[in-house]
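Indexing begins at 1, ligand by ligand and atom by atom, following the structure's order.
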Amino acid sequence: MPSLVTHLESAIDQTRLPADRPQTLHKGRPLWVRYDLDAVRQTFSKDQLAQRPPTMWRYRELLPHNDPAQVVSLGEGTSPLLPCPRLAQRYGLKHLWVKDESQLPTGSFKSRGMAMAITMARQFGIRRVAVPTAGNAGGAASAYAARAGIEAYVFMPDDTSPINQYECHLAGARTFLVDGLITDCGRIVREGIEPMGWFDLSTLKEPYRIEGKKTMGLELAEQFDWHLPDVILYPTGGGTGLIGMWKAFAELAAIGWLADENRPRMVAVQSSGCAPIVRAFEQGQRHAEPFDNPATVASGIRVPAAVGDFMILDAVRQSGGRAVAVDEAGIRRWMREATASEGIAFCPEAAACIGALERLTQEGWIAPDDRVVVFNTGAAQKYPEAMATNLPRLRKDEPIDWSKIAGNAATDR
Ligand SMILES: *Cc1c(COP(=O)(O)O)cnc(C)c1O
C-alpha cells in the first residue's frame, strides 16, 4: 500500500511542497507532513490496529512510510504507561502516569524520530547524514544510520555526557566535539552540506522526525482508550515531541478516533538555566529570542534557539497549556526523589517535569482530579554527571557497625 501522504506544508506560510523528494526548510522554517485523512479514515480501523505488533509502525496509515518490511527499525515502541501512585500522593493527585520512553532503543525517545528520518532518508537514496546534537539525538542517529548502512557525522558540544560521545563512536559515526553550543554544531552541519554532500538531520530541519515522535501521541491515545489525559508535562528542547503529539491529537480527531473533545493542556517544561520558550510564552511572543549562556544538567533541553519555536508556542497556547521554567538547582533532587519513589529511572529532563508538577499542583493549576502524564524522555543511566553520588565506604577488614548501616545515606555530589 502506498503512503497516504499528500504533500508537505510550510508551517510559517502554508506553501505546498512535494513530498516525493528530500526536503528541508522553507523560508528558514519547518514543514508539516500532510495526509489524505479521509483516506486514512476509510482504510484504517481500530480493529486492524489491534492486530498489529506493538511497535510505532503499527500506525502506518498515519506515517510517511507504509511498508513494515522496508523500515529501518530496532524494535521501537510501544513504551509503557506506568501509574505512579506514590508520586501522585506526594503531589495530591489521583491519577498520574509516566510514559517511559527510556525503554526505547538507545535509551531515549529520540529513536522514534530517527527511525522515521533514517527510514525516509534511505528511501530517498541518501547515503550520508549529519546531525548536531545535545546528546541523545546523536546516539539515535548513529544507531539507525548503522542499521540502515548509511554514513553518519555527529557534532556535539565538548561538554556533552561521555555516554553520548561514546555511543555515537561505538555505532560507527564520525563523531566530533565542538567547543561551543548545539547552535554552533548546527552551523557546522549547515556549512558542510555543500563540501561534504550530507543530508542535514537537525531537529525540524527535515520533516520526518516530527512524524516519528508523533507516535508518542498516537500511543498515548491508544493506551488511554482514546480518552486523552488532561495534562501532559513534556521537557522541551527543540520541541519535536510536543509539536508531534499535538499534531497526532489533531489527526486522530480528524479521523474520528477520539472518544471525546478533551485535549490535554500541554506544558512545555524548561530549566531556569535555559528557558527561551518560557520567556517567549510569558512575553506573549510567537518567536523566542536565543537564550544566552544556556546551562543545565538536563542536556536534552539545553537548546538556546529552536527553529520551530512558533510551533511549540502555538501548540502550548492552543491547548490552554503553559510553558514553565523550573529551578535548575532542584533537578538532581527531583530526579532522585522521583526515581526512589517509583523505581523508574528519571532522566534530568523528566525530573524538570516533576519540578513543574510540584509547582503547578501547589498553584492549583493542576487539580487533584486531573489525569496527568509526565514524559520520561530518556534513561537516567545516560547521565553519569547528574547521577554522581558519594557512597559510604566499608572496610573489609574492620567490624561493621550495624547501627550505622540502616541510617547511612549517600551524599549527593
Ligand atoms: C531531545 C531531548 C528532549 C527534548 O526533546 P524535544 O522534542 O526536541 O523538545 C528531552 N529529553 C531528552 C532526554 C532528550 O534527549
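Ring planes of W246 and F249: perpendicular class, angle over 60° (limits at 30 and 60°). In this structure, F44 and W257 have tilted ring planes: the angle between them lies in the 30° to 60° band.
With respect to E211 and K214, a salt bridge is recorded, a charged nitrogen being found less than 4.0 Å from a carboxylate O. Using a cutoff of 4.0 Å between basic side-chain nitrogens and carboxylate oxygens, K99 and E219 are scored as salt-bridged.
Checked by distance only, ligand 1 and G239 come closer than 3.5 Å through their nitrogen or oxygen atoms. For ligand 1, the polar-atom distance check finds no N/O of T236 at less than 3.5 Å from any of the ligand's N/O atoms. Polar contact check, K213 against ligand 1: a nitrogen or oxygen pair lies under 3.5 Å apart. Between T240 and ligand 1, a contact under 3.5 Å exists for at least one N or O pair.
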Going by atom type alone, with no hydrogens or angles, which donor-acceptor pairs under 3.5 Å involve a side-chain atom of residues 306-317 and a protein atom two or more places apart or on another chain?
unit_1: D309; atom_1: OD1; unit_2: R29; atom_2: NH1; d: 3.1
unit_1: D309; atom_1: OD1; unit_2: H287; atom_2: ND1; d: 3.0
unit_1: D309; atom_1: OD2; unit_2: A288; atom_2: N; d: 2.9
unit_1: D314; atom_1: OD1; unit_2: R286; atom_2: NE; d: 3.1
unit_1: D314; atom_1: OD2; unit_2: R286; atom_2: NE; d: 3.4
unit_1: D314; atom_1: OD2; unit_2: R286; atom_2: NH2; d: 2.6
unit_1: R317; atom_1: NH1; unit_2: Q285; atom_2: O; d: 2.9
unit_1: R317; atom_1: NH2; unit_2: A280; atom_2: O; d: 3.4
unit_1: R317; atom_1: NH2; unit_2: F281; atom_2: O; d: 3.4
unit_1: R317; atom_1: NH2; unit_2: Q285; atom_2: O; d: 3.0

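Residue contacts with ligand 1 do not include K382, since none of its heavy atoms lies under 4.0 Å from the ligand. Within the structure, ligand 1 lacks A137 among the residues with a heavy atom less than 4.0 angstrom away.
Across the listed options G238, A140, G138, G238 owns the non-hydrogen atom lying nearest to atom 8 (O) of ligand 1. The residue from F109, Y383, F375 that puts a heavy atom closest to atom 5 (O) of ligand 1 is F109.
Counting non-hydrogen atoms of neighbouring residues, nucleotides and ligands closer than 6.0 angstrom, the CD atom of E194 reaches no more than 12 such neighbours. Heavy atoms of other residues, nucleotides or ligands lying less than 6.0 angstrom from CD of E289 number 12 at most.
At a heavy-atom cutoff of 4.0 Å, ligand 1 is contacted by the side chain of N136 but not by its backbone.
Protein heavy atom nearest atom 7 (O) of ligand 1, with residue, atom name and distance: Y234 OH, 2.5 Å. What sits closest to atom 11 (N) of ligand 1 on the protein, heavy atoms only, is T377 OG1, 2.7 Å. The closest protein non-hydrogen atom to atom 4 (C) of ligand 1 is G300 O, 3.5 Å. At the shortest separation from atom 14 (C) of ligand 1 among protein heavy atoms lies K110 NZ, 2.9 Å.
When only modelled atom types and interatomic distance are considered, R16 and H7 share a side-chain donor-acceptor pair under 3.5 Å.
Remark: ligand 1 atoms within the under-4.0 Å shell around heavy atoms of G241 are 7 (O).
Using modelled atom types, no side-chain atom of K27 and backbone atom of S10 make a donor-acceptor pair closer than 3.5 Å.
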